[in-house]
**Q** 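Here you go, one structure.
Residue numbers start from 1 in every chain, and the chains themselves are labelled A, B, ... in the order their sequence lines are given, proteins ahead of strands. Only a predicted model underlies this, so the values are computations on that prediction, with no experimental measurement involved.
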Amino acid sequence: KAGVTQTPRYLIKTRGQQVTLSCSPISGHRSVSWYQQTPGQGLQFLFEYFSETQRNKGNFPGRFSGRQFSNSRSEMNVSTLELGDSALYLCASSLGRAYNSPLHFGNGTRLTVT
Amino acid sequence: AQKITQTQPGMFVQEKEAVTLDCTYDTSDPSYGLFWYKQPSSGEMIFLIYQGSYDQQNATEGRYSLNFQKARKSANLVISASQLGDSAMYFCAMREGGGNNRKLIWGLGTSLAVNP
């Protein structure tokens, strides 16, 4: 069974640009979550999607948005990039939303904003 | 307040020895799950082991076991027979069952170095 696939692996953008990251969950997984990881803040929750609906959103500005498609694939978009958006963005999928359902992560997209 | 606390920023262990990575948590929710993840320098986050709040026995997965002490709110990861490939960051995380938010709450991690 293929794992969670994130594309691209690496991105370099300049301030003010926008970026779209893609995530394909494990087959059969309907829940997709996104996390941002930085050395200073650690791992922070961005969004959770289930059945194409955003179920939860973390404390990030409106520049961060996402969506989920009918095949459970998800994208997140960051507009008007800032230097502080440089981070590893991790996507995770799980079978369902139950608290005992492990999240399985992709390899991440490493975004550098210059 | 910190919900997941990992007090060991860095740990060293000799190859083939066992090592315990500490994790304490704080929640008032009776239903919760505790997870351990491994993150090598490549960046991928690898799920290792899960312990549920209602589980009577400590979880085990191969060389990984969880020392779950519910009354003390601790869920320490034990890695037996350490291998060089175990060198990585290890994160403890919790998912609460109450309410609608199913996000993972993370600790700051422990960096483990396995010496040959």
**Q** Does any backbone or side-chain atom of A/Q37 lie under 4.5 Å from a heavy atom of chain B? Answer side chain, backbone, both or neither.
**A**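 Answer is side chain: those atoms of A/Q37 sit under 4.5 Å from chain B.
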
**Q** Check the pair A/E48 / B/K103 against side-chain contact (heavy atoms from CB on, under 4.5 Å), numbers first and verdict last.
**A** CA-CA 7 Å; A/E48 180 204 356; B/K103 69 179 182 181; over 6 Å; no

**Q** Report which part of A/A98 has an atom under 4.5 Å of a heavy atom belonging to chain B: side chain, backbone, both, or neither.
**A**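 Contact with chain B involves the backbone of A/A98 alone.
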
**Q** Quick one: what part of A/S101 sits under 4.5 Å from any heavy atom of chain B, side chain, backbone, both or neither?
**A**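 Both backbone and side chain.
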
**Q** Can B/R102 and A/S31 be said to form a side-chain contact (heavy atoms from CB on, under 4.5 Å), step by step?
**A** CA-CA 10 Å; B/R102 293 288 182 271; A/S31 176; over 6 Å; no

**Q** At a heavy-atom distance under 4.5 Å, which candidate from A/S33, A/G42, A/P102 has the highest pair count against chain B?
**A**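 Result: the option with the highest number of such pairs is A/P102.
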
**Q** Are B/L48 and B/Y32 grouped together when hydrophobic residues (ILVMFWY) are joined by side-chain heavy atoms under 4.5 angstrom apart?
**A**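 Linked within one cluster.
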
**Q** Need one label for A/N56: side chain, backbone, both or neither, based on atoms under 4.5 Å from any heavy atom in chain B.
**A**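 Only the side chain of A/N56 comes within 4.5 Å of chain B.
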
**Q** Answer yes or no: does atom CZ of B/F12 have more than 12 heavy-atom neighbours from other residues, nucleotides or ligands under 6.0 Å?
**A**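 No.
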
**Q** Side chain, backbone, both or neither: which part of B/Q39 has an atom under 4.5 Å from a heavy atom of chain A?
**A**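 Contact with chain A involves the side chain of B/Q39 alone.
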
**Q** Pick from B/F35, B/Y37, B/F47, B/F91: which one makes a ring-ring contact (aromatic ring centres under 6.0 Å, His included) with A/F105?
**A**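 Result: among B/F35, B/Y37, B/F47, B/F91, B/Y37 is the only option passing the ring-ring contact (aromatic ring centres under 6.0 Å, His included) with A/F105.
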
**Q** Is there a donor-acceptor contact under 3.5 Å from the side chain of A/R110 to the main chain of B/G43?
**A**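 Between the backbone of B/G43 and the side chain of A/R110 there is no qualifying donor-acceptor contact (under 3.5 Å).
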
**Q** For the pair A/R55 (side chain) and B/N101 (backbone), establish whether a donor and an acceptor sit closer than 3.5 Å, ignoring hydrogens and angles.
**A**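 Not at all, since once roles are kept as given, no pair shorter than 3.5 Å links the two residues.
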
**Q** Out of B/M94, B/R95, B/E44, which one racks up the most heavy-atom pairs below 4.5 Å with chain A?
**A**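 Sorted descending by pairs with chain A, the first entry is B/R95.
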
**Q** Near A/R15 CZ, under 6.0 Å, is it more than 12 heavy atoms from other residues, nucleotides or ligands?
**A**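 It does not: A/R15 CZ has 12 such atoms or fewer within range.
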
**Q** Is there a donor in the side chain of B/N100 and an acceptor in the side chain of A/R97, or the other way round, less than 3.5 Å apart?
**A**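 Their side chains do contain a donor-acceptor pair, which is all the 3.5 Å distance test asks for.
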
**Q** Examine whether an atom of A/L103 lies under 4.5 Å from a heavy atom of chain B, and if so say whether it belongs to the side chain, the backbone or both; otherwise answer neither.
**A**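 It is both, since atoms from each part get that close.
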
**Q** For A/Y35, is it the side chain, the backbone, both, or neither that has a heavy atom closer than 4.5 Å to a heavy atom of chain B?
**A**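 For A/Y35, the side chain is the part near chain B, not the backbone.
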
**Q** Taking all atoms of both residues into account, what is the closest heavy-atom pair of B/M45 and A/L90, and its distance?
**A**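 For B/M45 versus A/L90, the nearest heavy atoms are CE-CD1, 4.0 Å.
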
